[in-house]
Amino acid sequence: MMKVKPEITLKGIPASSGIAIGPAYIYHETTYEPELQIIPQESIELEIKQFRKAISACRRDLKRVYRESDKKYGKDFADILQVQISILEDKIFLNEVELMISENNYNAAYGTFKVFKNKKEHFQHLSDEYLRERALDIQNLKRLILKKLLGKKTGFNFKRPSLVVADNVSPADIIKLHHKNTLGFCTNVGGKNSHTAIVARSLGVPAVVGTEFITNMVKKGDMLILDGGEGIIIINPSPHTIDSYSKKRKEFIVLENSLLKTAGKPAQTLDGKIIQIMGNIEFTEELEQLKKSGAEGIGLYRTEGLFLSGSSFPSEDIQTEHYLKIAEAVNPEDVLIRTLDVGGDKLLPDLVGLPEKNPFLGWRAIRFCLDHKEIFIPQLKAILRANIHGNMKLLLPMISSIEEIIQFKQVIKEAQEVLESEGKKFNPDIEVGMMVEIPSAAIRIDDFLEEVDFFSIGTNDLVQYTMAVDRANEKISHLYNHFHPAHLHLVKLVIDASKRKNKLVSMCGEMAGDPIAIPLLIGMGLENLSVAHYAIPEIKDVIRHINLDSCKKLYTRVQKCRTASKSQYLCETFYSSIFTVPHELSNHRGEVYKKA
Ligand code: PEP
Ligand code: MG
């Protein structure tokens, strides 16, 4: 008799709501540390052929980038690529890999890995600075070649609809793994506001992160139920459990659809205050849903998606086309387009090189862009060119000091000069705002009032930097709480300062999409929120059931709280005096029932 596998329930962190039921697909991140395989004698010729093919493909790619960059950014940048091309033309070097294949019977990927790793280490220890820097070129080349050699074998395309199970999935991997057969994601690591979780929510794929052990417990093909709202994974569910979750899934969809019916109407409180609800977007595929959800413009367009989804940076023309498409889709409403925010948990493209020790405190966003004008200027040019309808505003990420704004102004001037000299049509009038997501900016917000046209509060990072809690680390996720008094204090500073000077202030972090937090935020004086499209109908619905005056009173009480749990409790109590919530509060947006 066949043994029935026991049903096991695993608790993780709810990352993206929705219920998915299906078999597991185990995804191994491409680490580019291939395993050694001893290949049979008769396969050597083929293995060498594949290695040579990969080298030619890399050379071709680099030469194309070289030609483009030489034309656009001049010799200095192109020279870097020339060094890498020369390495790929060095027969003696490449022969070392071929010898590993022909004499040691190593597979091509492992031979490449070994030779390039040894070479990199050798260069790293040389006293000559110029040669030492070549270690980075070798590291980049290693990755490029391995990508060509291993790319096809990573097998993103599973044939039957499945749930992706992984230790970690980067935002870039999610983009690659996202297709019609992907029912959901569950990972060992990650936090609710990690970029991976945000991307999963944007794409509307249910996800649970931070389960710690999922990859140890699940094998390919095991049946799973994933409840993204509750943060639960059920392994080998019984027929009875499958039945009850299928029912829940249907109810969830019915509730979402019923909220969508009123999504087009404005968000007005019972006493007449109108709150503008804009949408957060990262991918053009979200546009349709964004419209259906009743977004009043785009309050945060994360441009990272465009940069992370391809194998090389998008050209200025491609960016212009893309940005224009987004601006046209919401015209005459506004689009707040954020310049590239790579780094942190948003993977750095291969071009950037070695991983950092403290990526969240490192070479991220505006810091990276100001150091990489060859990437920044084309993006700014594309934005200026795409702003033909005049409905785009520019949003700068991770601003921590005034100098960054001053430097930025120089760079945008340069971008405009280049456009003029190239005779390209563009709109020079664009408002510039900044994300307030670093405590130094919030504390000294008055200093920034003179420098920018508007603010957008990024609570995802503001919480992480205020509390010193990595937003992507599941082990400390209990400390990550946007209701913390210190965080609320900073948010209030920004709102009050902006209002004093009549400047637009919005909130685009995930706090703005938390129904429990809405009455508090409105009580604090926010009149503009930008949230992921899926949350818009519910957020609008919450606003239609509250009263500005009682929201202000709620804030007065919360202001006196000394702990995150107390302020959260007050907000939850306020919320449940208006709505009944059968399940865990903010985690289950689909299951909010209005009180009779
Ligand atoms: C934020 O930090 O709140 C934010 C909106 O930016 P991101 O999540 O993209 O870092
Ligand atoms: Mg941020």
Side-chain angles (χ1 to χ4, degrees), residues 15-16 170-172 174-175 190-203 207 209 277-283 286 295 298-308 335-348 359-369 393-400 404 433-442 454-473 477 480-484 487-488 490-491 494-495 505-514 517 521 526 528-533 535 539:
S16 177
S170 71
I174 286 217
I175 299 164
K192 192 179 172 121
N193 286 331
S194 61
H195 194 58
T196 302
I198 293 173
V199 171
R201 290 199 284 273
S202 303
L203 297 173
V209 297
I277 308 294
M278 303 178 91
N280 292 354
I281 187 173
E282 184 156 0
F283 309 102
E286 293 176 82
I298 297 174
L300 169 65
Y301 167 34
R302 291 181 167 99
T303 52
E304 296 80 72
L306 180 61
F307 280 72
L308 296 178
V335 182
L336 276 56
I337 176 166
R338 189 174 70 181
T339 59
L340 187 61
D341 182 9
V342 279
D345 65 341
K346 296 161 195 163
L347 262 199
L348 287 173
F360 276 117
L361 301 182
W363 211 21
R364 234 192 108 173
I366 194 77
R367 305 167 180 185
F368 174 84
C369 286
K393 294 182 183 191
L394 220 147
L395 182 57
L396 303 173
M398 286 278 293
I399 295 292
S400 62
E404 286 156 342
M434 62 179 257
M435 297 280 295
V436 183
E437 50 186 348
I438 297 189
S440 62
F454 63 92
F455 296 115
S456 186
I457 307 174
T459 56
N460 307 339
D461 279 313
L462 191 58
V463 173
Q464 120 164 309
Y465 295 127
T466 306
M467 308 294 299
V469 177
D470 178 344
R471 68 195 252 189
N473 186 338
S477 63
Y480 185 101
N481 189 331
H482 47 232
F483 291 103
H484 193 281
H487 177 245
L488 296 179
L490 295 181
V491 169
V494 182
I495 299 172
V505 56
S506 174
M507 177 179 279
C508 64
E510 296 293 299
M511 185 178 193
D514 175 2
L521 297 177
L526 271 175
N528 182 302
L529 304 170
S530 186
V531 302
H533 59 76
I539 296 302

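Counting starts at 1 for both ligands and their atoms, in listed order. Bear in mind the structure is a predicted one, so any value in this text is a computation, not a measurement. Hydrogens, waters and symmetry mates play no part in the numbers below; they use all other heavy atoms, side chains included.
- Shown in contact with C508 at under 4.0 Å from a heavy atom are these atoms of ligand 1, numbered in order with element: 5 (C).
- Closest heavy-atom approach to atom 6 (O) of ligand 1 within the set R338, Q464, M398: this belongs to R338.
- Judged by the 6.0 Å and 45° rule, K393 forms a cation-pi pair with F454.
- T466 approaches P439 most closely through the heavy-atom pair OG1-CG, 3.7 Å.
- Of the candidates E510, M507, R302, R364, it is R302 that places a heavy atom closest to atom 9 (O) of ligand 1.
- Taking 4.0 Å as the cut-off between side-chain N and carboxylate O, D461 and R364 count as a salt-bridged pair.
- Each of V463, L488, L529 was scored for a side chain to side chain contact (heavy atoms under 4.5 Å, CB included) with M511, with one residue passing: L488.
- Under a 4.0 Å criterion applied to the non-hydrogen atoms of I198, ligand 1 contributes the atoms 8 (O).
- Of all heavy-atom pairs between A207 and A200, the closest is CB-CB, 3.9 Å.
- Between E282, M435, R471, E304, it is R471 that holds the heavy atom closest to atom 8 (O) of ligand 1.
- Within the 3.5 Å criterion, the main-chain N or O of E510 finds a donor-acceptor partner in the side chain of N460.
- Take the N/O/S atoms of D461: the one nearest the Mg ion (ligand 2) is OD2.
- No hydrogens or angles considered: nothing links the side chains of N280 and R338 as a donor-acceptor pair under 3.5 Å.
- E437 contributes OE1 as its N, O or S atom closest to the Mg ion (ligand 2).
- Counting only non-hydrogen atoms, the option in I438, L300, N460 that gets closest to atom 3 (O) of ligand 1 is N460.
- Near D341, the atoms of ligand 1 lying under 4.0 angstrom from a non-hydrogen atom of the residue are 10 (O).
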